[in-house]
Number of protein chains: 2
Amino acid sequence: MTTSRRQATQDTVQDTPNYGPVIRQRRKALGMTLDDVAKATDLTIGFLSQVERGISAPSLSSFMRIAGALQTSLEELLKVPEPYMEYVPKDSRQTYVLGKSKRLYEKLGPGFPGALTYPCIIHRPPGHVSEHMQHEGEVFCYLLSGSLEYHLGNKVFIMTPGDSIHHDTSKPHFSKVLGDEESVELWVSSTPIKTPG
Amino acid sequence: MTTSRRQATQDTVQDTPNYGPVIRQRRKALGMTLDDVAKATDLTIGFLSQVERGISAPSLSSFMRIAGALQTSLEELLKVPEPYMEYVPKDSRQTYVLGKSKRLYEKLGPGFPGALTYPCIIHRPPGHVSEHMQHEGEVFCYLLSGSLEYHLGNKVFIMTPGDSIHHDTSKPHFSKVLGDEESVELWVSSTPIKTPG
DNA sequence: AAAAAATTTTAGTATTGATAAACTCAACCG
DNA sequence: CGGTTGAGTTTATCAATACTAAAATTTTTT
């Protein structure tokens, strides 16, 4: 054909997200060197440097390993950066109702591009028992109101307003809302809390 | 190294989503042939056949062109299929509050994997004016209650309960909630309605 | 200023992403 | 029944590249 596919690809390079800088930003935000990522992905620092500078394109499987090493997802690296506001007036929060239990989730971040933590407020009804969790990362929770029975590994804490907890999420954990009122919990997590589609 | 990166890749093949069958299913659901997709993506039918059968791996840019041809996204093709229920009891719906206007969105689908349409019910407060939209696809809306002023291109319709509208979404459209009560609208769209992450 | 760390750059190549075309199979039609 | 057509599979091939190893350069640290 008169127009090579190579040229066709070049013509559509505009459509390829500029993931190089996004990868570099995330890597630096995590305090990692090219060598750190190279070891985690079984790729070389030279190649990763080229990927970050847009000189070379990784295969899909390499891209996924890079995303894994950076504790993020393909989707996060490829998507158009979402709008952010550092300052969130309390009456302008994005809110969601989650699940059959009608938990209310108030999103407070991201406050800037490349943020590594996800702040939110969660309202849970009396008696609600959260999912048992265990995954890589860390979390901080401050109880604004209500009462919680927080299970962390084989420890149990009764939390009242003003109490907080900060832990490694690789330890199994869950909590139950005590008493007759809903709990209001301020969370800052290293992984986004899953909100349905 | 004694373990080739190819083997390393093979070792992690379990981690690579099984997108081949997902691509084929979506292509067939859209009534497209390999030739149709080949023409849309500037790839060959032999290659696409191999991709769908997991024999060959497309580059990231080719993958994105395939996703485009299939009117879907990388994320949709790569993600673990979401749980689905054909039958949705009215008190078991997933709900979300959207935006500052506090629209309520009740998810009714997908009813099966590979579905091409997205059913939902949307509740909107009095006076709410929707975003002006214009994109590829089609939509059907049935007004359950309330009243709407629906703008489609340069046509305006006053919708009352029981009325419906079904149109090509490439025409510019938006609507406003009339009267003092909220509207309750049943929608079936060819594209997912955006819900904040 | 020197050393160390981090990154960039270069040369190289085994592998592959993708093609062209032959082949196979099922469905359809005269 | 044989020929044609549509759809998909398979094979041989190769230009391009995904990625490496190592040298060179830059930046940071001491």
Side-chain angles (χ1 to χ4, degrees), chain A residues 1-13 15-16 19-70 74 77-78, chain B residues 1-13 15-16 19-70 74 77-78:
Chain A
M1 59 182 79
T2 56
T3 301
S4 75
R5 181 180 53 77
R6 183 55 50 192
Q7 186 177 337
T9 301
Q10 287 166 339
D11 287 349
T12 61
V13 73
D15 298 334
T16 308
Y19 51 72
V22 177
I23 292 174
R24 177 158 289 191
Q25 181 185 34
R26 177 120 186 133
R27 176 174 65 78
K28 287 179 177 279
L30 289 167
M32 295 176 81
T33 63
L34 285 169
D35 194 45
D36 292 331
V37 179
K39 289 185 167 100
T41 56
D42 202 35
L43 298 167
T44 61
I45 56 180
F47 179 56
L48 290 167
S49 173
Q50 291 187 315
V51 169
E52 289 185 359
R53 288 177 294 122
I55 292 168
S56 189
S59 66
L60 195 61
S61 74
S62 294
F63 200 103
M64 290 174 67
R65 299 211 306 279
I66 292 167
L70 298 179
L74 229 70
L77 293 177
L78 290 173
Chain B
M1 61 184 75
T2 56
T3 302
S4 75
R5 181 182 51 80
R6 184 53 50 190
Q7 186 179 335
T9 300
Q10 285 166 341
D11 287 349
T12 60
V13 75
D15 299 333
T16 307
Y19 52 71
V22 178
I23 290 174
R24 178 160 286 191
Q25 181 186 34
R26 176 116 185 137
R27 175 175 65 80
K28 287 179 178 282
L30 290 168
M32 295 176 80
T33 65
L34 285 169
D35 194 46
D36 292 331
V37 179
K39 289 187 166 99
T41 56
D42 202 34
L43 299 168
T44 61
I45 54 178
F47 180 57
L48 292 167
S49 173
Q50 291 189 313
V51 169
E52 289 186 0
R53 288 178 292 122
I55 293 168
S56 189
S59 64
L60 194 63
S61 76
S62 292
F63 199 101
M64 290 173 67
R65 298 209 310 276
I66 292 167
L70 298 179
L74 231 67
L77 294 177
L78 291 172

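Order of the sequence lines fixes the chain letters, A, B, ..., with proteins taken first and strands second; residue numbering starts at 1 for each chain. Keep in mind that this is a model prediction, so the values were computed, not measured.
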Quick one: which protein N/O atoms are closer than 3.5 Å to N/O atoms of nucleotides 25-27 of chain C? Pair and distance per line, please.
none

Do any N or O atoms of the protein come closer than 3.5 Å to N or O atoms of nucleotides 6-14 of chain C, and which pairs are they?
residue, atom, partner, partner atom, Å
C:dT7, OP1, A:Arg27, NH1, 3.0
C:dT7, OP1, A:Arg27, NH2, 3.4
C:dT7, OP2, A:Leu34, N, 2.8
C:dT8, OP1, A:Arg24, NH1, 2.9
C:dT8, OP1, A:Arg24, NH2, 3.4
C:dT8, OP2, A:Arg24, NH2, 2.7
C:dT8, OP2, A:Ser49, OG, 2.4
C:dT9, OP2, A:Arg53, NH1, 2.6

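For the atom pair CG (A:Leu43) and OG (A:Ser59), the distance works out to 8.0 Å, reported to the nearest 0.5 Å. Atom CG of B:Leu77 and atom CG of B:Leu70 lie 6.5 Å apart (nearest 0.5 Å). We find the CG-CE distance between A:Leu74 and A:Met64 to be 6.0 Å, quoted to the nearest 0.5 Å. Here A:Lys39 contributes atom NZ and A:Thr33 contributes atom OG1; the two are 7.0 Å apart, rounded to the nearest 0.5 Å. Annotation: the span from A:Leu60 atom CG to B:Leu78 atom CG amounts to 6.0 Å, rounded to 0.5 Å. Taking CZ from A:Arg53 and CZ from A:Arg24, the interatomic distance works out to 6.5 Å, rounded to the nearest 0.5 Å.
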side-chain contact (heavy atoms from CB on, under 4.5 Å) between B:Leu34 and B:Glu52: does it pass, once the steps are laid out? CA-CA 10 Å; B:Leu34 285 169; B:Glu52 289 186 0; 3.7 Å; yes
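Residue contacts shown for B:Ser59 are limited to sugar-phosphate atoms, with no base heavy atom under 4.0 Å away.
In this structure, the CG atom of B:Leu43 is 11 Å from the P atom of C:dA20, given to the nearest Å. Look at CZ on B:Arg65: it is 11 Å from C1' on C:dG17, rounded to the nearest Å. Residue B:Asp36 contributes atom CG, which lies 8 Å from atom P of D:dA7 at whole-angstrom precision.
The shortest side-chain heavy-atom distance between A:Arg27 and A:Ile66 does not fall under the 4.5 Å cut-off.
For C:dA18, neither phosphate oxygen OP1 nor OP2 lies less than 4.0 angstrom from any side-chain nitrogen or oxygen of B:Ser56.
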